[in-house]
Amino acid sequence: MPNINILSNVFKEANDNWVHIKTYLLEEYVINTLVILLFTGAFSLIIGTSLAWLVSVYDFPLRGFFRWTLILPLAIPPYIAAYTYTGLINYTGVIQTFLRNFFDLKINQKYANIMTIEGSIFIFTMFLFPYVYTITRAFIEKQSASLIETSRVLGRKPLEIFWVVVLPISRAAIIGSTTLVLLEVLNDYGVVQYFNIPTFSTAIFRTWFAFGDVNTAIKLAGLLMIVVVSILFLEHLLRGRKKFAYTTTKVRPIKRIKLKGLKAALAFGYSFSVLSIGFLIPTLQLLYWAFLTYKKIFNSKFLILMLNSISLALISSIIIIMLALIVANYTRISKSILGRICAKLTILGYSIPGAVIAIGVVVMFIALDSQLLWLYRLFNTDSKLVLSTSIAMLCAAYIIRYLGIGFNSVETGFEKVGKTFFEASRTLGMTITETFFKVDIKMIGPAILSGFILVFVDIMKELPLTLILRPFNFHTLATQAYKYASDENIYEAAIPSLIIILISFTSILIFHRLVDKEGEDNGHRN
């Protein structure tokens, strides 16, 4: 594993760059990173949990519409949201221009600057809170209605039910989803780099690319891993040992309370405001910029960009799902320690920030190239770095980082179908391999498709890994959008960004329909 390579290099002798960073800069990296994590986690938890409760328990205008559209901010990667809102709010942006032209109002630029730590917290919160919303909403909706109805009969008010009943039983879902948000923040490079905020990820990139100092970058990556492990350990503590389960298989949906008057208006206003800030406003702004620049952007080079992105995501996603199927099937059949270890290692990659994985993969592939020099000489190749300058290295990094997503989806599918059909097939004389292809895969088709969609979208949006590990002069939609924004060509960044959003939007819509259909099927069976 790449993180083993990192750990083995952390304790190497320090050089001048590391001494300088440790003396003058490390404290700032730590404070900035922790502040962003703390406030993003807190605000995401509040917004995500409150919306999940509102949509699950109350009935108000367009509730069904908000139920699924509040997931859509996930379709916009935070780095795209960062430069979109910068363009919206700055002096020449739509907001200030409108205020100057129609109301003759001039805003002090000190208060219109989003490129701050506070601005990064705003971006991360508004475009990552759907992790908390989606997971918590799914958990609340699946709870037995009797828990809430009994509390109502006993005279509990809605807020009391939320604090006394719902929060305790939803604790694992809320904490787990908030942890996902924190891990996404640690993985980010685009937002903090564009806003010029010194954090661990920007320090790793700067040390590696600006100074060419891999050893110092590895030491910073090692410290970042300590932060990750601390978050995962804290999650384990906060989850606690309490577990909640149904005492009956008949789980009824929650009977929603119909809101009227001011309360209905407030519920609608809150939901619409969050959706507008997190999806509608940035998307409309990008559409406007795309209209201004499409003639300049659409050409043969852009088609190559699209082909690079889609083919890379497609190949990597197929490999990931194939590996996930093999590992999940093995861990399901074999209850050995090795099976449990394989499952843990599979999901470990997603908790490791992209910059850390990138360093580990580079170290691993350079070592692999040095071992294969004899093979390269047989083919009269002058280059000593073949694999470490190829697409293979980038695909390997994607597999390490996103295998856990594919594995979780496939494992969930296997858990739902159980082992009854597997055992029946084996009794009828089929081999494990025949059963796998003729029975198992067909039964967990929706889970495989869900896993593929989630992995595909994440790879399409991925920035840190792609920036570091892509071959020379190889660009994707994500890297090109980031390049345009970094060069202050924000308008030109709109079209590649919109294509990423469109693919993410379509995938989320398909995934949402799959989940809803599965929920309906389970409801009919119950």
Side-chain angles (χ1 to χ4, degrees), residues 72 74-88 90 92-94 97 123 127 188-191 193-195 205 209 279-318 354 358 389-395 397-398 453 455-510:
L72 293 180
L74 278 183
I76 304 180
Y79 60 87
I80 290 176
Y83 73 70
T84 304
Y85 266 100
T86 301
L88 266 166
N90 65 19
T92 58
V94 173
T97 301
I123 294 294
F127 295 90
D188 173 77
Y189 171 72
V191 176
Q193 172 62 21
Y194 187 68
F195 284 1
F205 272 75
F209 289 104
F279 184 76
L280 297 179
I281 292 174
T283 302
L284 290 173
Q285 178 66 84
L286 287 170
L287 284 169
Y288 174 68
W289 289 341
F291 176 75
L292 296 178
T293 59
Y294 74 94
K295 291 180 180 178
K296 178 181 177 181
I297 298 300
F298 277 127
N299 51 41
S300 58
K301 290 183 179 179
F302 188 78
L303 291 177
I304 293 172
L305 276 180
M306 290 184 61
L307 182 62
N308 287 346
S309 296
I310 293 172
S311 59
L312 192 59
L314 192 63
I315 292 168
S316 301
S317 300
I318 290 171
T389 56
S390 68
I391 291 292
M393 184 167 67
L394 183 54
C395 286
Y398 287 151
I453 289 171
V455 171
F456 183 85
V457 170
D458 276 335
I459 293 176
M460 285 289 295
K461 297 190 297 183
E462 174 61 43
L463 184 66
L465 283 176
T466 315
L467 276 177
I468 297 177
L469 301 176
R470 62 196 169 102
F472 177 72
N473 212 25
F474 180 89
H475 292 283
T476 64
L477 291 169
T479 60
Q480 190 62 38
Y482 174 77
K483 184 177 183 298
Y484 279 136
S486 299
D487 295 340
E488 298 303 323
N489 297 320
I490 295 179
Y491 289 14
E492 286 77 4
I495 290 178
S497 300
L498 279 172
I499 292 174
I500 293 173
I501 293 169
L502 178 62
I503 292 171
S504 300
F505 173 85
T506 306
S507 302
I508 287 172
L509 188 60
I510 295 170

Could you give me the CA-CA distance, side-chain angles and deciding distance for I123 and F195, then say whether side-chain contact (heavy atoms from CB on, under 4.5 Å) is met? CA-CA 11 Å; I123 294 294; F195 284 1; 4.2 Å; yes
Worked verdict on L74 versus S504 for side-chain contact (heavy atoms from CB on, under 4.5 Å): CA-CA 8 Å; L74 278 183; S504 300; over 6 Å; no
Run the side-chain contact (heavy atoms from CB on, under 4.5 Å) check on F474 and T466 step by step: do they pass? CA-CA 9 Å; F474 180 89; T466 315; 5.5 Å; no
Steps toward side-chain contact (heavy atoms from CB on, under 4.5 Å) verdict (T283, F505): CA-CA 11 Å; T283 302; F505 173 85; over 6 Å; no
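Under the salt bridge (charged side-chain N to carboxylate O under 4.0 Å, His left out) criterion, the residue pairs touching residues 288-304 are K296-E492, with sequence neighbours excluded. Within the structure, every pair that satisfies the side-chain hydrogen bond (donor to acceptor under 3.5 Å, both in side chains) test and touches residues 456-465, not counting sequence neighbours, is listed here: Y402-E462. Every pair passing salt bridge (charged side-chain N to carboxylate O under 4.0 Å, His left out) that includes a residue from residues 466-483 is listed here, sequence neighbours excluded: K483-D487.
Every residue two or more places apart in sequence or in another chain was checked for a side chain to side chain donor-acceptor pair (under 3.5 Å) with Y79, and none qualifies. In terms of the ring pair (Phe, Tyr, Trp, His ring centres under 6.0 Å) criterion, Y294 has no residue partners (sequence neighbours excluded). Remark: Y85 pairs with no residue by the side chain to side chain donor-acceptor pair (under 3.5 Å) rule, at least two apart or across chains.
Taken to the nearest 0.5 Å, the OH atom of Y189 stands 8.0 Å off from the CD1 atom of I468. Here the CG atom belonging to N308 is positioned 8.5 Å from the CG atom belonging to L477, to the nearest 0.5 angstrom.
With N90 contributing its side chain and T86 its backbone, the two residues share a donor-acceptor pair below 3.5 Å. When atom types are taken as modelled, the side chain of S309 and the backbone of M306 share no donor-acceptor pair closer than 3.5 angstrom. With hydrogens and angles disregarded, a donor-acceptor distance shorter than 3.5 Å links the side chain of T479 to the backbone of T476.
Ring pair Y83/Y194 is perpendicular by interplanar angle, where above 60° counts as perpendicular and below 30° as parallel.
Put simply, the side chain of Y482 does not reach to within 4.5 Å of the side chain of I80, judged on heavy atoms. Using a 4.5 Å cut-off on side-chain heavy atoms (C-beta onward), F302 and P496 make contact. Annotation: side chain of L292 is in contact with side chain of Y288 (closest heavy-atom distance under 4.5 Å). Between L286 and I495 the shortest side-chain heavy-atom distance does not fall below 4.5 Å. Taking the side chain as every heavy atom from C-beta outward, F279 and I501 approach each other to under 4.5 Å. In this structure, L502 and T506 have side chains that are in contact, with non-hydrogen atoms separated by less than 4.5 Å. The side-chain heavy atoms of D188 and P464, taken from C-beta on, include no pair separated by under 4.5 Å. At a threshold of 4.5 Å between non-hydrogen side-chain atoms, the residues F291 and L287 do not count as touching.
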